[in-house]
Amino acid sequence: METLRQKARVLSLAWLHQIADAAIDTHSIPVVQQYIRDLEQAIADLREAQAENDGAIAGLNRQISQLHQQEATLNTQADALLQLNPPREDLAAMVEQRLQEVENNLTPLNNQLEKAQAIHVQYDQAMSAIEAKHTTMMRQLQTLQSIDTSASAEDRAAHALHAVNSALGGTSSIDDITARIQSHADVAHARLQQEVGTITPQPDPVADVLAQSAVQQRLAARKARLGLPPAGGTTVTELPQQ
């Protein structure tokens with residue numbers, strides 16, 4: 001029982017409830033993870049204490065049961081000795097003395113059993129509180145990790161988009177460049193047209209001769225259709241006969 005009392009001092013119920021009710025930063029992943037480790041260590045220690053306490057209860061029950069069996073046997077013997085003819089009060093007195101010793105031994109064992117059973121109930125209550133807190137903190141940790149994962153993914157996406165936008169110069173920058181290039185092309189085209197308009201074409205004698213020949217042919221064809229003499233011809237007028 002000394003080991004049990006030492007364990008009870010180490011695992012004080014006040015400390016167990018204190019860790020279950022501890023105020024922590026539930027928005028910090030490292031803090032929540034450390035708190036969960038503390039809870040898990042407390043659960044492990046408490047289970048060990050429960051096992052020792054339950055073992056002590058089993059041992060006490062066994063000893064008490066054995067003493068009750070001795071008590072019953074001694075009572076039967078004492079009654080039988082007194083009922084003998086003649087009665088054996090001397091032996092009955094010896095048996096009664098042994099019975100008193102058994103009863104004296106039962107008293108502290110029953111007290112120890114009562115305390116061990118009370119500790120068992122307290123340990124069960126503490127375990128229920130700690131396990132419930134552990135479940136809550138595990139859910140909180142999963143939520144925080146999910147939020148952190150999503151935030152990291154969004155942050156990576158933002159950096160990637162920023163890099164792409166920087167490489168492309170942005171849509172507005174591309175539009176501005178296109179507009180400037182188009183404006184420059186329009187100005188260059190206008191200047192080209194101006195320069196072309198100032199150029200005086202050189203005469204081409206071959207083309208001129210061919211053009212005049214074509215005109216003369218058209219005129220000749222027209223005169224022939226009208227019955228007119230060709231160019232350079234003489235028109236003969238017939239005189240009337242006398």
Side-chain angles (χ1 to χ4, degrees), residues 1-26 29-142:
M1 291 304 296
E2 182 61 27
T3 302
L4 178 60
R5 284 194 291 270
Q6 291 174 352
K7 180 64 69 174
R9 284 195 294 271
V10 173
L11 283 175
S12 66
L13 293 173
W15 176 78
L16 293 174
H17 286 292
Q18 180 180 0
I19 191 173
D21 297 334
I24 64 169
D25 181 8
T26 56
I29 290 179
V31 172
V32 173
Q33 288 175 329
Q34 181 58 50
Y35 183 62
I36 289 175
R37 287 192 290 269
D38 292 342
L39 288 174
E40 290 173 347
Q41 183 60 51
I43 290 173
D45 292 343
L46 183 53
R47 283 176 178 167
E48 182 180 353
Q50 282 180 316
E52 291 186 8
N53 188 66
D54 291 344
I57 290 174
L60 289 169
N61 281 324
R62 183 174 58 256
Q63 293 179 55
I64 291 172
S65 177
Q66 291 172 351
L67 290 177
H68 280 311
Q69 290 177 0
Q70 293 178 21
E71 186 179 34
T73 299
L74 292 173
N75 276 317
T76 300
Q77 290 176 349
D79 290 344
L81 289 171
L82 292 175
Q83 292 174 354
L84 291 176
N85 189 15
R88 295 295 306 271
E89 292 187 5
D90 55 337
L91 294 178
M94 293 176 57
V95 172
E96 193 68 36
Q97 185 177 1
R98 293 178 184 173
L99 180 59
Q100 186 177 7
E101 293 175 356
V102 169
E103 292 174 349
N104 290 337
N105 290 332
L106 277 172
T107 300
L109 292 178
N110 283 325
N111 290 337
Q112 292 177 17
L113 178 62
E114 182 179 353
K115 292 179 181 179
Q117 289 173 337
I119 292 175
H120 176 85
V121 173
Q122 292 175 333
Y123 279 172
D124 282 347
Q125 293 174 348
M127 180 64 78
S128 178
I130 293 178
E131 287 181 339
K133 192 69 173 183
H134 182 266
T135 300
T136 300
M137 288 298 98
M138 287 298 295
R139 291 175 181 171
Q140 180 68 17
L141 178 60
Q142 291 173 355

Verify the neighbour count for atom CD of Gln33: are there more than 12 heavy atoms of other residues, nucleotides or ligands below 6.0 Å? yes
Check whether the side chains of Gln50 and Arg47 place a donor and an acceptor atom closer than 3.5 Å, and report yes or no. no
Under 3.5 Å donor-acceptor, Thr136 side chain and Ala132 backbone: yes
Give a yes or no on whether Glu103 atom CD has more than 12 heavy-atom contacts from other residues, nucleotides or ligands under 6.0 Å away. yes
Residues Gln63 and Leu109: closest non-hydrogen pair is OE1-CD2, 3.7 Å
Is it the case that over 12 heavy atoms from other parts of the model lie below 6.0 angstrom from the CD atom of Glu114? no
Exercise: identify the closest heavy-atom pair between His120 and Ile57: CB-CD1, 4.0 Å
State, to 0.1 Å, how close Ile36 and Met138 come at their nearest heavy-atom pair, and which atoms those are. CD1-SD, 3.7 Å
Would you compute the distance between atom CD1 of Ile64 and atom CZ of Arg62 and round it to the nearest 0.5 angstrom? 11.0 Å
Interatomic distance, CD@Glu131 vs NE2@His134, rounded to 0.5 Å, equals 9.0 Å
Should the heavy atoms of other residues, nucleotides or ligands under 6.0 Å from CZ of Arg139 be counted, would the total exceed 12? no
Using a 3.5 Å distance criterion without hydrogens, assess whether the side chain of Asn53 forms a donor-acceptor pair with backbone atoms of Ala49. no
Minimum heavy-atom distance Leu60-Ala116, with the two atoms named: CD1-CB, 4.4 Å
Would you kindly say whether Asn104 and Gln100 are connected by a side-chain donor-acceptor distance under 3.5 Å? no
Any side-chain heavy-atom pair from Leu141 and Met137 closer than 4.5 angstrom? no
Which donor-acceptor pairs under 3.5 Å do side chains of residues 72-85 form with protein atoms, sequence neighbours excluded?
unit_1 : atom_1 : unit_2 : atom_2 : d
Thr73  : OG1    : Gln69  : O      : 3.0
Asn75  : ND2    : Glu71  : O      : 3.1
Thr76  : OG1    : Ala72  : O      : 2.9

For the pair Gln34 and Asp38, evaluate side chain to side chain donor-acceptor pair (under 3.5 Å) and give the outcome as yes or no after the intermediate values. CA-CA 6 Å; Gln34 181 58 50; Asp38 292 342; 3.1 Å; yes
